[in-house]
Number of protein chains: 2
Amino acid sequence: MKTILLVDDESRMLDLLALYLTPLGYKCVKKSSAVDAITYIEKNHVDLILLDVMMPEMDGWTACKEFKKIRDIPIIMLTARSEKPDIVKGLKIGADDYILKPFDEEVLVARIEAVLRRTTTEEEFLSFKGLLLKPASYELYFEDKEILLTPKEFAMVQLFISNRNKVFSRVHLIESVWGYGVSIEDRTIDSHVRNIREKLRRAGFPADEFLLTVWGVGYKWTGKE
Amino acid sequence: MKTILLVDDESRMLDLLALYLTPLGYKCVKKSSAVDAITYIEKNHVDLILLDVMMPEMDGWTACKEFKKIRDIPIIMLTARSEKPDIVKGLKIGADDYILKPFDEEVLVARIEAVLRRTTTEEEFLSFKGLLLKPASYELYFEDKEILLTPKEFAMVQLFISNRNKVFSRVHLIESVWGYGVSIEDRTIDSHVRNIREKLRRAGFPADEFLLTVWGVGYKWTGKE
DNA sequence: CTTAAATTTGAAGAATTTATGCAGAATGAG
DNA sequence: CTCATTCTGCATAAATTCTTCAAATTTAAG
């Protein structure tokens with residue numbers, strides 16, 4: 001069962017959304033502020049966030065960025081404004097889609113399903129030759145020894161391990177880990193790769209055999225099973 | 001380079017779309033009817049279709065279904081800002097996204113890139129008499145032995161193997177591998193060809209039988225299967 | 001068989017890309 | 001606010017690839 005986090009300052013809207021979605025088999029969690037939502041996300045599993053753009057304390061754009069910092073959960077923005085800059089803004093910040101208010105049930109459901117369909121690939125944990133990566137708790141182990149990774153490092157390792165043998169260009173890495181439209185120097189990627197290798201090595205994992213440099217192209221994690 | 005097929009009965013709209021997209025490096029193909037579009041799709045590679053909903057002979061919904069029958073190409077519908085139920089209709093039929101008219105350049109591009117990013121499939125591979133080339137991982141094998149290629153070498157081998165029996169002039173090779181407008185000596189091509197042959201030969205693959213010199217013209221990769 | 005043109009080959013410098021050390025900036029916790 | 005961590009990116013060195021030249025060789029044609 002998928003969990004959808006509803007974030008809106010109007011309780012009427014929260015009720016309405018839950019009314020539509022609960023009968024379809026979604027577990028709905030209502031939060032009336034971004035702050036509450038963040039607190040919830042940090043400790044619970046959420047499959048999708050429905051986020052109202054216009055809220056008093058923290059606006060939707062800021063909230064969206066904050067959510068993405070914590071974990072990469074798909075976000076659909078609910079916006080009353082149909083102005084184009086906002087749409088672009090949302091997509092660049094990392095929103096996966098947006099729905100214009102007022103909406104009708106069909107639009108809502110179609111959008112939600114579309115987003116879930118294309119983002120649902122999360123696994124409980126990833127393992128690779130003694131490495132055990134738990135996305136939910138942000139933990140990485142090598143033979144029961146924990147390797148402490150920073151958020152960026154973790155995101156990169158996760159991306160690599162779940163896409164083995166695929167070469168990622170630095171641009172691609174930036175888009176995947178930092179998000180669309182973020183400008184980061186290529187050398188910064190190198191720095192993170194170095195740190196990852198270092199940490200893995202120090203834990204006893206032969207990083208140099210698996211996290212490879214593809215000269216002139218990017219990096220890839222090699223190896224089968 | 002990605003190819004975008006533009007389908008609209010209004011030539012002004014076709015021109016406008018192409019005007020936006022061509023400078024961004026997309027190859028645009030304009031068709032003024034769904035029928036023409038279908039004919040084109042059947043015989044050509046297309047990465048994305050921008051499809052206007054309102055057209056005289058065959059409407060966008062029908063067209064969308066017809067396109068999907070031929071091949072699963074991502075489709076973005078261009079739809080008037082008024083009709084909301086249509087959005088659902090489109091998504092259910094198989095459209096990947098929609099753009100409301102009138103749109104501006106930023107929205108258009110953001111949408112297109114978003115769709116391309118999430119529909120671009122990968123991990124095809126090319127094989128040829130014991131050779132196995134994997135573009136996604138930048139790997140080339142001959143009978144389970146890996147052959148390490150540099151970026152230029154890899155691009156050339158990929159080009160040759162995917163265009164067997166076709167003669168490439170040095171000028172053509174430069175345009176394909178280095179890109180338009182890059183000035184490179186013809187001899188440089190020869191050097192790369194030599195290095196490729198050398199590496200293949202050393203791995204046990206009879207390169208001299210397949211990567212042939214066409215005297216006075218260029219090079220070609222020969223062979224069927 | 002001879003000659004001119006094209007290609008192959010060897011070698012080396014040029015150019016590009018990556019690794020690494022380091023430090024300031026940004027971020028987050030208390 | 002202060003301190004610790006993380007992020008970012010520069011500078012330099014090291015590694016790899018790219019490009020070109022020129023000599024040797026091969027090819028096509030008369």
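Only heavy atoms go into these numbers, but all of them, side chains included; no hydrogens, no water, no symmetry mates.
Taking atom CG of residue Leu173(A) and atom C1' of nucleotide dT18(C), one finds them 15 Å apart after rounding to whole Å. One can place CZ of Arg194(B) at 15 Å from P of dT26(D), the figure rounded to the nearest angstrom. What separates CD1 of Ile189(A) from P of dT18(C) is a distance of 12 Å, to the nearest Å. Atom CD1 of Ile174(A) is separated from atom P of dC7(D) by 14 Å (rounded to the nearest Å). Separating the CD atom of Glu185(B) from the C1' atom of dA6(C) is a distance of 15 Å, rounded to the nearest angstrom. Rounding to whole angstrom units, CG of residue Asp208(A) and C1' of dA19(C) are separated by 11 Å. Following rounding to the nearest Å, Asp190(A) (CG) and dT17(C) (C1') show an atom-to-atom distance of 9 Å. Following rounding to the nearest Å, Asp186(A) (CG) and dT8(D) (P) show an atom-to-atom distance of 13 Å.
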Give me, pair by pair, the N or O atoms of the protein and of nucleotides 16-18 of chain D that are less than 3.5 Å apart, along with how far apart they are.
unit_1, atom_1, unit_2, atom_2, d
dC18(D), OP1, Lys152(B), N, 3.2
dC18(D), OP2, Thr150(B), OG1, 2.6

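Arg197(B) has a side-chain polar atom (N or O) that falls below the 4.0 Å cut-off from OP1 or OP2 of dT8(C). Under 4.0 angstrom from either OP1 or OP2 of dT18(C) there lies at least one side-chain N or O belonging to Arg170(A).
Across all strands shown, Tyr219(A) has heavy atoms under 4.0 Å from sugar-phosphate atoms exclusively, and none from any base. Within the nucleic acid shown, Ser191(A) comes within 4.0 Å of at least one base atom, counting heavy atoms only.
You'll find the side chain of Leu78(B) reaches within 4.5 Å of the side chain of Leu17(B), heavy atoms only. Contact annotation: the side chain of Arg111(A) never approaches that of Val115(A) to less than 4.5 Å [non-hydrogen atoms, C-beta and beyond].
DNA chain C is contacted by both Gly216(B) and Val193(A); Gly216(B) maps to the nucleotide lying nearer its 5′ end (nearest heavy atom per residue).
Pairing each heavy atom of Leu173(B) with each of Phe168(B), the nearest pair is CG-CB, 3.6 Å. The shortest heavy-atom contact between Leu21(A) and Cys28(A) is CB-SG, 3.6 Å.
When Arg194(B), Lys199(B), Arg197(B) are each tested for a salt bridge (Lys or Arg N to Asp or Glu O under 4.0 Å) with Glu153(B), only one passes: Lys199(B).
Side-chain contact, Asp9(A) with Ser32(A): no donor N or O sits under 3.5 Å from an acceptor N or O.
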Can you list the steps and then say if Lys129(B) with Glu209(B) is a side chain to side chain contact (heavy atoms under 4.5 Å, CB included)? CA-CA 12 Å; Lys129(B) 293 188 191 297; Glu209(B) 289 179 36; over 6 Å; no
